[in-house]
Participant: 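Mind having a look at this structure? Questions to follow.
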Amino acid sequence: MSVSVVLFTSDLRVHDHPPLRAAVEGAHEVVPLFIRDPAVDRAGFAAPNRLAFLADCLADLDRELQDRGGRLVVRGGDTVAEVCAVVRQAQADEVHVAAGCSAFAQARQERLRRALEADGCRFYVHDAVITAVPPGDLTPQGSDHYAMFTPFYRRWCAEPLRKPFMAPRDVKVPHTVRSEDLPARSAVEGVSPGLAAGGESEGRRRLSSWLSRHVDSYGEGHDDLAGDGTSRLSPYLHFGAVSPVEAVQRARARGGAGAEAFIRQLCWRDFFHQVLAARPEAAAEEYRSRRDDWRRDEDAEADLQAWREGRTGYPIVDAAMRQLAHEGWMHNRGRLVTASFLTKTLYIDWREGARHFLSLLVDGDVANNQLNWQWMAGTGNDTRPNRVLNPVRQGLRYDPDGRFVRRWVPELDGLQTPAVHEPWTLTGLDRARYDYPDPLIVLADGLARFRQAREAG
């Protein structure tokens with residue numbers, strides 16, 4: 001009997017899963033395999049929130065497979081060594097995996113290809129699994145990737161997407177292949193108390209609810225911090241518990257301005273994946289150097305720590321940072337404001353911010369996290385690299401009633417707008433009754449320092 005192996009990575013689902021479909025259709029038995037590779041831990045990506053969410057996703061994937069007569073096989077160790085071991089144990093003929101875009105994923109695919117071909121096993125890498133459009137499919141004349149979003153978006157919208165696949169009815173797994181125990185969320189320490197539940201079942205429920213009840217108002221409400229009008233699907237997309245192809249296709253079927261705005265955000269995700277696939281070094285190096293001499297002295301370290309703790313003295317910044325700590329997630333407008341504040345107002349290296357975000361974000365994706373940070377730092381794909389977001393104006397515009405600030409900065413609960421966004425303007429006893437720090441820096445001073453540094457660079 002023919003046997004195929006499906007290596008799950010960032011695609012933890014059974015619906016719309018091209019590698020699983022190909023394996024089920026091409027072999028009598030299939031080994032659904034997930035490997036906990038210590039190389040991921042060594043690279044610093046094994047953050048508690050993502051480990052807990054991963055445990056949920058794997059448990060749900062196992063349940064989905066069991067409902068179809070199968071099971072998930074989990075192993076720990078080097079990915080290439082473990083895949084080869086399973087191939088030999090199951091006498092498998094072929095291995096299927098979703099294409100990745102990071103340097104780590106690309107190197108892993110090449111190592112797998114060499115090792116499996118040496119063992120006489122066929123190896124298939126499937127596109128349009130982790131992204132809606134494969135990273136290298138759309139290229140402008142004279143370049144290997146789009147450096148600007150708008151022309152990429154036009155091409156991306158015109159690109160026909162494949163039809164989403166149904167989940168397989170049956171998945172027959174060889175009894176001879178052993179599995180380690182599934183990881184448990186309860187065994188992970190340091191998890192944010194408000195972390196959402198993971199898994200394909202939850203992701204599909206959220207996608208259906210979002211498209212049927214909330215997406216119509218997304219166009220005008222996605223920046224409303226207190227209204228929380230975003231889909232919150234980013235963790236499920238990051239772990240592949242929701243298919244980006246299916247999300248785009250279902251949103252297009254829904255139609256309307258809100259759906260189009262949502263689709264545009266999904267395109268942003270593909271945009272950064274195609275940038276990283278072409279420039280994998282951008283995960284750590286500046287995509288476009290501005291020759292910044294970032295602050296690294298003791299004062300900068302103190303400012304960085306205050307930013308991490310949500311104690312900068314700017315309420316909208318602090319509210320967003322505290323939301324991140326509590327939920328392992330942050331509203332997109334909050335991400336823009338906090339990143340601008342760190343890199344341009346405090347003039348601290350974007351890599352420090354990206355590292356802190358990756359330590360907490362459940363959707364901590366190398367492509368989207370690092371390249372969004374570079375966007376806000378002005379070292380990435382932004383066509384206006386020196387733009388600076390004023391946190392007071394951002395608060396007044398996107399949290400006009402101050403509800404978002406009062407939720408996450410409860411020490412300011414008694415204040416109304418505009419004072420809740422500018423508590424330092426209070427005087428005497430009015431100021432003394434609020435246990436909240438003064439601003440780390442006067443905004444005008446931070447802006448002047450940033451402009452001087454960029455001009456000098």
Participant: Grab the two heavy atoms, one from Val171 and one from Pro32, that are nearest each other, plus how far apart they are.
Facilitator: CG1-CG, 4.2 Å
Participant: Are Gln305 and Glu309 close enough, and set up right, to give a side chain to side chain donor-acceptor pair (under 3.5 Å), and what steps lead you there?
Facilitator: CA-CA 6 Å; Gln305 188 58 28; Glu309 294 174 356; 2.8 Å; yes
Participant: What are the two closest heavy atoms between Gly100 and Ala105, and how far apart are they?
Facilitator: CA-CB, 3.8 Å
Participant: Measure centre to centre between the rings of Trp268 and Tyr153, then say whether the value is under 6.0 Å.
Facilitator: no
Participant: Considering only residues two or more places apart or on different chains, which pairs with a residue in residues 253-267 satisfy salt bridge (Lys or Arg N to Asp or Glu O under 4.0 Å)?
Facilitator: Asp216-Arg254
Participant: Under a 3.5 Å distance rule, please check whether Ser192 uses its side chain to pair with a backbone N or O of Leu195 as donor and acceptor.
Facilitator: no
Participant: For Gln91, does the CD atom have more than 12 heavy-atom neighbours from other residues, nucleotides or ligands under 6.0 Å away?
Facilitator: no
Participant: Answer yes or no for Arg252 and Trp156: cation-pi contact, defined as NZ/CZ to six-membered ring centre under 6.0 Å and angle to ring axis within 45°.
Facilitator: yes
Participant: Residues two or more places apart in sequence or in another chain: which of them pass side chain to side chain contact (heavy atoms under 4.5 Å, CB included) with Ala92?
Facilitator: Val3, Val5, Val87
Participant: Identify, with sequence neighbours excluded, every residue that meets side-chain hydrogen bond (donor to acceptor under 3.5 Å, both in side chains) alongside Thr131.
Facilitator: none
Participant: Could you tell me whether Lys163 and Asp16 make a salt bridge, using a distance below 4.0 angstrom between a side-chain N and a carboxylate O?
Facilitator: no
Participant: Is the shortest distance from a Lys or Arg side-chain nitrogen in Arg114 or Glu110 to a carboxylate oxygen in the other one below 4.0 Å?
Facilitator: yes
Participant: For Val97 and Leu7, work out which heavy atoms get closest and say how close.
Facilitator: CG2-O, 3.6 Å
Participant: Any salt bridge between Arg122 and Asp93, counting N to O under 4.0 Å?
Facilitator: no
Participant: Verify the ring-centre separation between Phe341 and Tyr314: is it less than 6.0 angstrom?
Facilitator: yes
Participant: Do the charged groups of Arg351 and Asp349 touch, with an N to O distance under 4.0 Å?
Facilitator: yes
Participant: When you measure from the centre of the six-membered ring of Tyr398, is the NZ or CZ of Arg333 under 6.0 Å away and within 45° of the axis?
Facilitator: yes
Participant: Got more than 12 heavy atoms from elsewhere within 6.0 Å of CG, Asn386?
Facilitator: yes
Participant: Taking the basic N atoms (NZ, or NE/NH1/NH2) and the acidic carboxylate oxygens, is any pair closer than 4.0 Å for Arg206 and Glu202?
Facilitator: yes
Participant: Do the side chains of Asp292 and Arg454 get close enough for a salt bridge, i.e. N-O under 4.0 angstrom?
Facilitator: yes
Participant: So, for Phe149 and Phe272, is the gap between ring centers shorter than 6.0 Å?
Facilitator: no
Participant: Can we call the ring centroids of Phe8 and Phe34 under 6.0 Å apart?
Facilitator: no
Participant: Spell out, as yes or no, whether a donor-acceptor pair under 3.5 Å connects the side chain of Lys172 to the backbone of Val24.
Facilitator: no
Participant: Who pairs with His15 by ring pair (Phe, Tyr, Trp, His ring centres under 6.0 Å), at least two apart in sequence or on another chain?
Facilitator: none
Participant: Could Glu301 and Arg308 be called an ion pair, given the rule that one side-chain N must be under 4.0 Å from one carboxylate O?
Facilitator: yes
Participant: Examine distances only and state if a side-chain atom of Thr343 and a backbone atom of Trp350 form a donor-acceptor pair shorter than 3.5 Å.
Facilitator: no
Participant: Ring pair (Phe, Tyr, Trp, His ring centres under 6.0 Å) between Phe53 and Tyr236: does it pass, once the steps are laid out?
Facilitator: CA-CA 9 Å; Phe53 200 89; Tyr236 304 93; 5.1 Å; yes
Participant: What distance do Arg279 atom CZ and Tyr287 atom OH have between them, rounded to the nearest 0.5 Å?
Facilitator: 6.0 Å
Participant: Do side-chain atoms of Ser179 reach the backbone of Val74 as a donor and acceptor pair under 3.5 angstrom?
Facilitator: yes
Participant: Output every pair passing salt bridge (Lys or Arg N to Asp or Glu O under 4.0 Å) with a member in residues 319-328, not counting sequence neighbours, ordered by first then second residue.
Facilitator: Arg232-Glu327, Arg322-Glu411, Glu327-Arg407
Participant: If the threshold is 4.0 Å, N to carboxylate O, is there a salt bridge linking Asp78 and Arg111?
Facilitator: yes
Participant: What residues, two or more places apart in sequence or in another chain, satisfy side-chain hydrogen bond (donor to acceptor under 3.5 Å, both in side chains) together with Glu25?
Facilitator: Arg21
Participant: Mark yes or no for whether Trp307, through its side chain, and Thr338, through its backbone, hold a donor-acceptor pair below 3.5 Å.
Facilitator: yes
Participant: What I want to find out is whether Arg75 reaches Glu82 closely enough, with some N-O distance under 4.0 Å, to be called a salt bridge.
Facilitator: yes
Participant: With distance as the sole test, does Asp11 use its side chain to make a donor-acceptor pair with the main-chain N or O of Gly240 at under 3.5 Å?
Facilitator: no
Participant: Could you tell me whether Asp62 and Arg71 make a salt bridge, using a distance below 4.0 angstrom between a side-chain N and a carboxylate O?
Facilitator: no
Participant: Could you tell me whether Trp373 and Phe357 have their ring centroids closer than 6.0 angstrom?
Facilitator: yes
